[in-house]
**Q** 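One structure, pasted below without further comment.
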Amino acid sequence: MIKVENVYKRYKEDQYALVDCSLEIDRGEFVFVVGASGSGKSTLLRVLLREERPDTGQVWVAGKELSSMPGWKVPFFRRNIGAIFQDFRLLPNKTVFGNVAFALEVIGKSKRHIMNHVPQMLELVGLHDKQDRFPDELSGGEQQRVAIARAFINRPLILLADEPTGNLDPENSWSVMGLLERINRTGTTVLMATHDVGIVDSMRRRVIELDHGQIKRDQTRGVYGLGQQTS
Amino acid sequence: MAISLEYVVKETSGNLWRNRLMSLAAVLTISVSLALAGAALLLKQGVSTATSQWKGGVQLLIFMQPNATAAQTNAVSSQLKSLPEIKSYFYMDQSKSYQEFKQLMANSPELVKSVTESQIPPSFRVVLKNPNDAPSVGSLFQQQVGVKDVNFNRGAINTMLHVTSIVQFVIVALAVVLLISASVLILNVIRVAIFSRRREVAVMKLVGATNWFIRIPFMLEGLVQGLVGAIVAAAAVVGIQSLFHYVVSHFQVTVLSNFLVSSHDVVMTELFVVAMGIIVGTAGSAFAVRRYLEV
Ligand SMILES: Nc1ncnc2c1ncn2[C@@H]1O[C@H](COP(=O)(O)OP(=O)(O)OP(=O)(O)O)[C@@H](O)[C@H]1O
Ligand SMILES: [Mg+2]
């Protein structure tokens, strides 16, 4: 599903954000990406979303090679990928319904399709009774659930999450994680960058640790920090 | 990919409404500059109609009597041939002169109807080696039998051509400056629109909207501004033209009637104005989209 081979990425001269990264993630996996601030987690996710091109190396996502993909194909590629972020990225002047529907409108889906799918998705994230509210009338956790509904409305093969619980209290964090787990159980591959020790340690999923742009550790039922692992 | 008409209309009109003051400024600048350009074109066409008899450097017109005999005409012709001051000349017979008359008077159909071909004087159009010889050569023919009138008023024509070319240059220069400012204004309106919608644009990119889907509403916004400005300018051009018509016919200013342009010329001018509006609007927004919309 995701394959990264010898990827280097630097923003400035001699300041690498990714150094010789190689990894492989299968369909349906749930993977945490951890590492200190500035270690390259967001950069890795941006490369997988084709928001950045690697300097060298190759990246396959959902069957497509990204470093050679022409710009006009990128929008069609992104329709197979969902993405959520620490800052939610909702549109403040649209309602909950409008925010989720927007993702369908701008890829040319019909009104009927939108009317069918959006309420269903809001039901899934538990916000059907708040569909007419605006983002600033919601808690952080609810806003992130709207963002998840928007990211998942096209049933993407892969969900990329960059610190989705970074702005949330533990209770809201757990409700978001519950949702991500459910989405993962439908067969969607989830890749989540996080600093949240509690979540990583209690979920015991695959953990990839980045350190100064290098992959330092790749563990199948891992924990957040080294030395705390139990077998 | 299908872009729904409803979406495009909604987005474009929404953008225009949000930036309505700046859009208005852009539209007004475009209308003023295009109205000026249109007026300059009409002036050029009017002058070219009024001076059409003098085309090709003709400095001397010898009008024959409409009923002059062939012998009288030949006498003038052979005399012209023998004069050393003359570079070239040609003869406009009655039927050609009548065609020209009809063209010149296209705006006064009654006059054209009241005059028949046999009433039109044929003429010799003479180009001299030295324009200053026009009065002396002209006076040679003034008293000749068969000659109706001699016109060597090239000086006045030259002055008129000179003045109108200066006026035209000033108007066109002004129009160009205003058109450039209009494109910059449009560019700026679109830049602001892009900036105020950067969140929407970011989300659109994230969920896989195509580049054209993102660009089209912004491009259309510029196009609409250019088009509206052009329509206002086109109306102004028609206004100027009918005002001129009114002045000429109401106050019987016959001198000016030579300057009346045909409706064909007016239509061409209007087409030019509308095309320029579309070009300026699209160019301004295309540049803004290329420069500020990173898709
Ligand atoms: N747009 C950019 N321009 C220049 N340098 C950048 C840019 N984005 C990231 N970097 C640099 O690249 C490196 C990796 O950044 P990245 O954002 O991937 O780290 P991160 O692991 O996501 O950090 P955090 O945990 O704080 O989010 C850092 O040194 C950062 O300063
Ligand atoms: Mg980051």
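Note on naming: letters A, B, ... go to the chains in the order of the sequence lines (proteins, then strands), and numbering restarts at 1 for each one.
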**Q** What I'd like to find out is whether the side chain of B/L206 reaches to under 4.5 Å of the side chain of A/E51, using heavy atoms alone.
**A**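 Heavy-atom side-chain distance check passes, below 4.5 Å.
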
**Q** Answer yes or no: is there a side-chain heavy-atom contact under 4.5 Å between B/V203 and A/L90?
**A**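 Heavy-atom side-chain distance check fails, nothing below 4.5 Å.
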
**Q** Is any side-chain heavy atom of B/T210 closer than 4.5 Å to one of A/W72?
**A**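 Result no, sub-4.5 Å side-chain heavy-atom pair not found.
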
**Q** Less than 4.5 Å apart, any side-chain heavy atom of B/V207 and any of A/R78?
**A**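 No - every pair of side-chain heavy atoms lies 4.5 Å or more apart.
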
**Q** Does any backbone or side-chain atom of A/K111 lie under 4.5 Å from a heavy atom of chain B? Answer side chain, backbone, both or neither.
**A**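 Looking at A/K111, just its side chain touches chain B.
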
**Q** Check each atom of A/N99 against the heavy atoms of chain B and say whether the ones under 4.5 Å are side chain, backbone, both or neither.
**A**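 A/N99 has no heavy atom closer than 4.5 Å to chain B.
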
**Q** Between A/L104 and chain B, with a heavy-atom cut-off of 4.5 Å, which part of the residue counts as in contact: side chain, backbone, both or neither?
**A**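 A/L104 has no heavy atom closer than 4.5 Å to chain B.
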
**Q** Calculate, to the nearest 0.5 Å, the distance between atoms CE and CZ belonging to B/M204 and A/F102 respectively.
**A**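 One gets 4.0 Å once the value is rounded to the nearest 0.5 Å.
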
**Q** Kindly give the heavy-atom pair with the smallest separation between A/I107 and B/G208, and that separation in Å.
**A**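 Looks like CG2-O, 3.5 Å.
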
**Q** Determine the minimum heavy-atom distance between A/E105 and B/F213, stating which atoms define it.
**A**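 It is O-CZ, 3.7 Å.
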
**Q** Taking atom CZ of B/R199 as the centre, report whether more than 12 heavy atoms of other residues, nucleotides or ligands fall under 6.0 Å from it.
**A**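 Open: at most 12 neighbouring heavy atoms sit under 6.0 Å from CZ of B/R199.
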
**Q** Atom CZ of residue position A/R182 - does it have more than 12 heavy atoms of other residues, nucleotides or ligands inside 6.0 Å?
**A**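 No - once you tally the heavy atoms of other residues, nucleotides and ligands closer than 6.0 Å, there are 12 at most.
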
**Q** I'd like to know which of A/G71, A/G82, A/P92, A/S110 tops the heavy-atom pair count under 4.5 Å against chain B.
**A**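 Between A/G71, A/G82, A/P92, A/S110, the count favours A/P92.
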
**Q** Taking atom CZ of A/F134 as the centre, does the number of heavy atoms from other residues, nucleotides or ligands within less than 6.0 Å exceed 12?
**A**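 More than 12 heavy atoms, drawn from other residues, nucleotides or ligands, come within 6.0 Å of this atom.
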
**Q** Heavy-atom count around B/L21 CG within 6.0 Å, excluding the residue itself: above 12?
**A**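 No, the 6.0 Å shell around CG holds no more than 12 heavy atoms from other groups.
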
**Q** For A/R53, I'd like to know if atom CZ has over 12 heavy atoms of other residues, nucleotides or ligands within 6.0 Å.
**A**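 Counting other residues, nucleotides and ligands, CZ of A/R53 exceeds 12 neighbours.
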
**Q** For A/P75 and B/A209, which heavy atoms make the closest approach, and how far apart are they?
**A**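 Here A/P75 and B/A209 meet closest at CB-O, 3.5 Å.
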
